[in-house]
Amino acid sequence: MICAALVVPAPFARLRCDSSIASRRALVAILSVVGIGSMTMSARADEAPPPWQRTETRADCADYSSLRSPFFGETHTHTAYSSDAVVGGTVAGPREAYRFAKGEAMALPTAYGVFGRTTQLRRPLDFAVVTDHAEQFGEMPLCLEADSAGYASTVCSDVRDQLASTLPTTPAIVVPNAFINLLSPYMNSATPARFSWCGAGGTDCLARSSIIWDDTQAAAEEHYDRTDACTFTSFVGYEWTGTPNGFNIHRNIVFRNEAVPALPITYLEETTVQGLWGQLDTQCTDAGTGCDALTIPHNSNASGGLIFTPANADGSALTAADAARRAHIEPLVELINHKGESECQPGNGTTDELCAFEKSWRPQLFSLLPLRNPVAFNNRNFIRNVLKEGLAEEERMGINPFRLGFVGGTDTHNATPGAVNEQDWGTAGHAGLRDRQPNFILTQYAPSGIPTNPSGLAVLWAEENSRDSLFEAMRRREAYTTSGPRPIVRFFAGELADVACGSATFVEDGYRGGVPMGGEIGPESGGRSPKFALLALRDVEEGSPLQHIQMIKGWVDDDGAVQEKVFEVTGDPDNGATVDTDTCTPSGDGFDSLCAVWTDPEFDRHQRAFYYARVLENPSCRWSTYVCNAAGIDCANAASVPADFAQCCNSAWPKAIQERAWTSPVWYRPEAIGKVNAKILPARGQLNLKVVLGELPAGITPDSDDIVVRLADDGAIWEATIPAGTLDALSATRWLHLDEAATNAGIKKALFVRNASGQATLTLQAMGLDLGSADLVEHMLTLEVSVGDAWTSRHTRRWASDGKKLFWPPPRRKPA
Amino acid sequence: MRAPALRFLAIGGVIFGLVALRDRTTGPELALPEPLVLRVGDVLALRARWRRDLGVDLRGASLAAAVERYVDEELLFREARRLGLHRLDTAVRARLLDNMEFVAGEGDAAQPGQMVEEAHALGLDEQDPVVRRTLVEKMKLLAGKPRAERPPTDDELRAFHAEHGDRWMQPARIRFAQVFLSRERHGKDLERAARDLALVVAGPAAWQRDALVQGDAFPLGTAATEIDQARVRQRFGPEFAHAVFALAPGRWQGPVPSSYGLHFVWIEERTPGALQPFATVRVQVEQALAEQRTRHHLARALTRLRRLYAVRIELPAEPASAPSTAGAAEGGAS
């Protein structure tokens, strides 16, 4: 879309073509006059349109960069609208949660209705999503209203008693009846049903539920900054809370904008994730309201393998279509939250020692005591294994169902999004009254206690801090997660011709010559390894110096078996840095920044693979160490340790941790688009494309399969379907189509050549086109090619422009 | 909103009996209340109770503040009973029935109305913590939203927006480009690299043109977005954020140190902080004004009740030491 063409339907009109662009252009002119013409590089970046359309009415953000900035937030917060949070003593609602995210202080309960603690973020968040358990939005109010049919029920009576009770002073093993009876028939059953007093079809509870859902939306609206300052973004969201037989299959649902279903689709309505996705299609994506949504699973560590089973709800094997829809609606996974880190676990498909990090050791979400035995855990509980399984599935059917990027969240039930600081956790916790004093927070008993941790943040690389921009970052997986601190991490992969740590254009070159975290690459470097460029800045204010960066690779070997390996990329894992856990004073050197351009020494162009980076800080104290030190616990003198503090001296829980960040993976697909040569000449209405398609499956040919080619930036530029049989077979390996009249999408010439190794090259020339929607500035374009149903690949890069044409690859930079 | 359960009641607009009660509050025939007097012994008893229940030993100003909060709650509770809310409210009624059934045991076939009367006679409505909290919260809702309140006019909203402009200020922003020299990359040669680059940026136009591509890799590139100090701090660290906002626009300056190395900076534009226009923050203004009105009404009601109940508090004399561990218990979360 170009600025002149603002005649689009109002809800989708992007507002980027306003006077601020004009002023930026003026600025470019001024800079040129003073003689620093290359400053136009930055201003031109601002003119580059983002690869998405605005779906809401709001101001453009002043802080806009087509090279994208890191926005820190999280996607998993509970407030008093979650029934388990209310029963746990939490009073703050969504509004208070958003205020907290923006930096305001919050009072926390020390008894029901009594607030003896306060907590506050040390740094505000850029975005947050309140994700309350939607299953009991209606039930809780009805339990408390004397004229409701449910008031006299045992479950409601228990809830009211719980809210009036005095609190135990030592950690109890027995979970209160209020919790068990309220939550069990809903979340923890494989066949959940609403309480009988909800009326026929649950109508009474659902009617009341809509009030809470409306208020959830209103709170998000009130705290969304629609001005050009873009200080804070809220999303409307909720949690779908399926825990069949105690195994966790929860999903958080995040909506792109204010268009959302009339009621949340909960586990009561849909007991399978496939059912949830189906309803999200019907009530959201396909409803014609501008609604869009994605789902983010969490705590696969307590899922019994159920979140990432490579099968449909009825047990049937996934088809390519099932896999594609899954990868589309579920592009991310919450890799860490307060109930543990789910990346990997020693003994479950890996020997990687650094996987021993914030393991909850609970086979089920609320297993009363931790169980330190890998045998108790399904290997699919751990995301690295799931990524490997995704490769195997893709090998089988051509599409990877588990293309998961990484985010993190707290799962706080205190309405305190972003409360991730290790030092603050001991006094604030995340679990209402359960975490009100150290002897509770140090117990091993579920649901809280020493196996938990303050945990994680989500970082999104986005053009600006707005809902559309952040949502698109989530969808394309340009995201990373951290265990709490805020390092800034870039990761690019691909041919990356010009990317270098000594080059100020590292980022531009990353987007020109490769893909960021979350993307896919093909055999664009022939048989050579692609390059992997990593750049990390430490968190100066709340983090420790960086120690090293690792690359984690998973691949399918020549025998079809999945493998993994951890490579050291840069930094020094043996730098000797330590922390004195008696005083929490660190010692030893680390790095303020780390940068490397890495190649895979074991790269094999025929082997499907993923790569993600793990950035590790020097050791620092775990939260429990701060709590134990503050209580003056002396483990050397066992008799002096109060029983409630015994876990301080249990060596199974580490005293020091290495905080870290995990980038979303980049996937290497042998069959994906490799080399590309492309030109768009709007003035001549001409398009030239030469695309190397990787290793096409044997059966796919232009005789039997349609070829679809799409070019798009923030809107479609050109699209063509070449029906099966259009190209004439010249030989067993060459197909040609010549059409002077260019009747199909302007295509005059199409040539398809397949070489002996199965690699194909598609060459197209099209004329007489209206290509006016292609902006003639350097910006992101996506070339998507599909052959048949089972082969598709996308190539997203920053294309260059000389003002007359758009083209890729960009010109090589002359050596400095 | 201090009680978890009431969070749900408040938003649904389902406060049972509210209208009836408002009518009651205007009734002339209510008896004058007994004065509310807390003697030193009462305060010490409260302190002991809080120490036992909450694990905090309140002293001095913290104790005084906690007593004030207790008095507020007690006033609301007593006033609710004086207005007869404990007999009108169905939540209270049902709770009392619950309790009476428990007391009476199975098989006792008394009429509900009779059982509630018995509960009142036994004083259960005064002792039950659920009844107490219910009454206090309902009184708060009642006091916070007087009957005659009309929605704010446009002019009132605009005036509130203007009066509380600081809440809707956009922070000052700068738009800058920067060239980065990495400390990790240059090590002890960092200063020399900076001197070399200083010559470039001070040189002829053609040299300046090249300056932007002569630095090291930085995750945000050299591009200039328009950002406030908090975001600069987030992305470049506190040292740089402090320094860069003091620079003048329109020329290369530096090197400016950051936690990661040295930067040469070109400020392209400075945008002073500004009040966001009313139209863009209308939703937020409405919400803020409604909250302020509720707080105001509640405070006025409490002042009135303090007079009506002739409140007198006698705090224990104590040495001005022993800092409290209570933290800031003020406010609640809503």
Side-chain angles (χ1 to χ4, degrees), chain A residues 27 35-39 41-42 45 62-65 67 69 80 86 89-93 96 106-107 110-111 113-118 140-141 144-147 151 157 160 163-164 211 215 221-222 226-227 229 437 488 490 501-508 535 537 540-541 591-593 595, chain B residues 1-5 7-9 11-12 14 16 53-56 90-91 93-94 98 129-130 133 170 173 177 179 182-185 205 208-209 212-217 219-227 231 235 237-238 259-260 268 276 280 283-284 287 326-329 331-334:
Chain A
L27 189 71
I36 49 169
S38 62
M39 294 287 281
M41 183 165 38
S42 63
D63 177 16
Y64 173 89
S65 170
L67 296 177
S69 304
V86 168
T90 291
V91 164
E96 289 83 358
M106 162 137 1
T110 40
V114 181
F115 299 84
R117 304 176 289 162
T118 55
M140 276 306 290
L144 303 166
E145 280 169 31
D147 49 350
Y151 186 89
S157 174
R160 294 191 301 273
L163 294 177
I211 296 171
D215 199 56
E221 180 59 41
E222 285 158 27
R226 290 182 188 263
T227 72
Q437 54 196 54
I488 294 178
R490 284 280 199 187
C501 291
S503 162
T505 54
F506 181 98
V507 178
E508 290 93 326
L535 175 54
L537 302 184
V540 180
E541 297 196 73
F591 300 92
D592 291 324
S593 64
C595 184
Chain B
M1 188 72 46
R2 300 180 75 85
R7 148 78 46 195
F8 282 100
L9 292 182
I11 80 126
V14 289
F16 187 83
D53 292 352
L54 309 181
V56 290
T90 50
R93 186 184 158 86
D98 274 359
V130 173
R133 189 164 304 129
Q170 287 184 344
R173 302 193 292 239
V179 190
S182 163
R183 181 178 297 115
E184 298 296 354
R185 193 174 157 76
Q208 291 199 25
R209 205 176 354 257
L212 266 182
V213 293
Q214 293 203 6
D216 294 319
L220 307 165
T222 56
T225 71
E226 190 177 324
I227 55 180
R231 288 242 169 87
R235 296 173 195 172
S259 315
Y260 312 108
E268 295 184 356
Q276 295 174 37
T280 59
V283 174
Q284 288 81 2
Q287 175 72 14
S334 66

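- Across B/L212 and A/A504, no two heavy atoms sit closer than the pair O-CB, 3.3 Å.
- Across B/R173, B/R231, B/Q170, the residue that shares the most heavy-atom pairs under 4.5 angstrom with chain A is B/R231.
- Heavy atoms of B/R235 lying under 4.5 Å from chain A belong to its backbone as well as its side chain.
- Listed by chain and number, the residues in a side-chain hydrogen bond (donor to acceptor under 3.5 Å, both in side chains) with A/R160 are A/Y151, B/D98 (sequence neighbours excluded).
- In this structure, chain B has heavy atoms under 4.5 Å from both the backbone and the side chain of A/S593.
- Under the rule for a side-chain hydrogen bond (donor to acceptor under 3.5 Å, both in side chains), the partners of B/Q287 that lie at least two apart in sequence or sit in another chain are B/E291.
- Rounding to the nearest 0.5 angstrom, the gap separating the OG1 atom in B/T222 from the CG atom in A/L67 is 7.5 Å.
- To the nearest 0.5 Å, atoms CG (B/L220) and CG (A/L537) are separated by 7.5 Å.
- If you measure heavy-atom distances from B/S259 to chain A, the contacts under 4.5 Å come from both the backbone and the side chain.
- Looking at every heavy atom in both residues, A/R490 comes nearest to B/P219 through NE-O, 2.7 Å.
- A/F506 has its side chain out of reach of B/D216: every pair of non-hydrogen atoms, C-beta onward, lies at least 4.5 Å apart.
- Ranked by non-hydrogen atom pairs under 4.5 Å with chain B, the options A/C501, A/S157, A/C595 are led by A/C501.
- In this structure the side chain of A/D592 reaches within 4.5 angstrom of the side chain of B/E184, judged on heavy atoms.
- One N or O on the side chain of B/Q284 and one on the backbone of A/E222 form a donor-acceptor pair closer than 3.5 Å.
- Here the closest heavy-atom approach between residue B/G221 and residue A/V507 is recorded as N-CG2, 3.7 Å.
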